[in-house]
Amino acid sequence: MASPIDAAGWRFDNSYARLPAGLHTRTTPVPVRSPKIVILNAPLATTLGLDAEAIGGPDGAGVCAGNTLPPVADPIAQAYAGHQYGHFTNLGDGRAILLGEQIAPDGRRCDIQLKGAGRTRYSRGGDGRAALGPMLREYLISEAMHALGIPTTRSLAVTMTGEAVFREEVLAGAVLVRVAASHIRVGTFEYAAAVADPSLLPALLAHAIGRHDPGLADAPEPAIAFLEAVIDRQAELVARWMHVGFVHGVMNTDNAAVSGETIDYGPCAFLDAYHPATVFSSIDRQGRYAYGNQPAITHWNLARLAESLLPAVPGEEPVALERIREVLATFPARYDRHALAGWRAKLGLFTMDDADQTLVSSLLTAMAEIRADFTDTFAALAGAAVSAAPPPPFDTGPLAVWLVAWRARLGRQSQSLAEVSARMRRTNPLVIPRNHRVEEALAAAAVGEMAPFERLLDAVTHPFDDAEETGPYRHGPPAGCGPYRTFCGT
Ligand code: AMP
Ligand code: MG
């Protein structure tokens, strides 16, 4: 039962906190010196049933920083494990605290989590804190992903703490209010399957099904049906990343949500020049999480979920294992289906042709050959549908050759070129968070200048608008910038 609504609009029902104690630890955020909200997502607040003015005021800042709790909160740190770069580790919320689950006016249930709220039982050597730059980066990129139509956790606010955090340098501390369908990860199931208490896994599974797949509660084999649902969501999610050139950067199993939302914006970045081997994260030296590896890594992560669910599948183990294997084996075909559907939309194709996959692959190969800008190339192609002379980069070289095949393919469907172009403009963004622009905005924010961040946020949250104001945010870095590097910056 949800609590009554308080003055700011908080209305919680803390179902995760009611799960067995092994899955979490009651933890109060550690108060900070002087909370000051630097960015607030008023439209999201309204969607959640919150009074944006109250949240943006002094009392709201206290809540967003963890200094005061909404009366209905039941704060916990969640336990989870995870495979990090292929190695199993016990983790848990080392610097995040779940305040509770907001019941929005439309009935949706959303986790309200403070990231950077102080030490928890799971902090290990960490300080439990977060720096302003990485929290603003998560805010910006998660909101850009949402505007691109890609499932993601959302960002409600970033609040400066008035305290310093010590990394390689001294940085301003901040807390992010993260909003998610849930924070249940593949790693949460790995944790539940690994602990001695056999009651945790069924409890977690029933909870996750109730939350994300209520229709499966009465399925003959709920664990199998749930696995299948997560596989499909993750297959679609990673396909959506591929379609916009998003590189998550740290696809450990603790950073894979069973809800199918993109979660944990650490070293992520968008491609400028296209090459499938692109890696941005400075610590990903083997390229495990390179752009082109993301579908295979998703499959690998889902295999960890499948193993964890094995004890929850009825029947003798060999039979259960066989059922799990069968479902897991559906990943590649599911991925291919979601991926091809999205590529077709990006190419303005309304019909299906056996040669479409080849058409897509040959485009990507040609783009890699000339290191074409990923976003600009698809945006140019939308224009090429209706222009007589091919625009760059389709005017010469391998892309000019490819264009002839594409135009022939367009001729084999009945839709007009105007319809083709319109579909492509709805599908291919003009604006993504360009790495050099993100860095520029974060550098300004670090010295107290938020205007560049706000302008960039406005542009990336209108990715398909052909508005003049977004012009400066549209293209890649000037030549000679060198490769972009991200750091796990916490
Ligand atoms: P991430 O790379 O952000 O997914 O974090 C991996 C693990 O490290 C999670 O268990 C986090 O809670 C934990 N962690 C990250 N930063 C900190 C920090 N500053 N203090 C404590 N734990 C942290
Ligand atoms: Mg994480």
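Counting starts at 1 for both ligands and their atoms, in listed order. Atom set for the values below is all heavy atoms of this structure, side chains included, hydrogens, waters and symmetry mates excluded. Remember, predicted model here, so these are calculated numbers, not experimental data.
For the atom pair CE of M367 and NE2 of H275, the computed distance is 11.5 Å after rounding to the nearest 0.5 Å. Atom OH in Y265 sits 10.5 Å away from atom CG in L140 (nearest 0.5 Å). The structure places OG of S259 at 10.0 Å from CZ of R185, a figure rounded to the nearest 0.5 Å.
Taking the charged nitrogens against the carboxylate oxygens, R474 and D376 have no contact shorter than 4.0 Å, which rules out a salt bridge. In this structure, R455 does not pair ionically with E440, as no charged nitrogen and carboxylate oxygen lie closer than 4.0 Å. A salt bridge links R26 with D74: the closest approach of a Lys/Arg side-chain nitrogen to an acidic carboxylate oxygen falls below 4.0 angstrom.
The option from R119, R124, R95 that lies nearest to atom 8 (O) of ligand 1, judged by heavy atoms, is R124.
Counting backbone and side-chain atoms alike, N252 contributes no N/O/S atom closer than 2.8 Å to the Mg ion (ligand 2).
A heavy-atom separation below 4.0 Å is not found between G266 and ligand 1. For the ligand labelled ligand 1, residue V250 lies outside the 4.0 Å heavy-atom shell.
Contacts between N255 and ligand 1 below 4.0 angstrom, taking non-hydrogen atoms only, involve the side chain exclusively. When non-hydrogen atoms are compared, ligand 1 lies under 4.0 Å from neither the backbone nor the side chain of Q78. Looking at Y80 against ligand 1, only its side chain comes within 4.0 Å, counting heavy atoms.
Shown in contact with G128 at under 4.0 Å from a heavy atom are these atoms of ligand 1, numbered in order with element: 18 (C), 19 (N), 20 (N), 21 (C). Near G126, meaning under 4.0 Å from any of its heavy atoms, are these atoms of ligand 1: 20 (N), 21 (C). The atoms of ligand 1 that sit less than 4.0 Å from any heavy atom of R167 are 19 (N). Counting atoms of ligand 1 from 1 in the listed order, those under 4.0 Å from a heavy atom of R129 are 19 (N).
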Discussion item. Evaluate Y291 against Y274 for ring pair (Phe, Tyr, Trp, His ring centres under 6.0 Å), listing each step before the verdict.
Written reply: CA-CA 9 Å; Y291 169 82; Y274 174 73; 5.8 Å; yes
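For an aromatic pair to be called close, the ring centres must be under 6.0 Å apart, and Y122 with Y191 fails this.
Distances from the Mg ion (ligand 2) to the N/O/S atoms of D264 are shortest for OD2.
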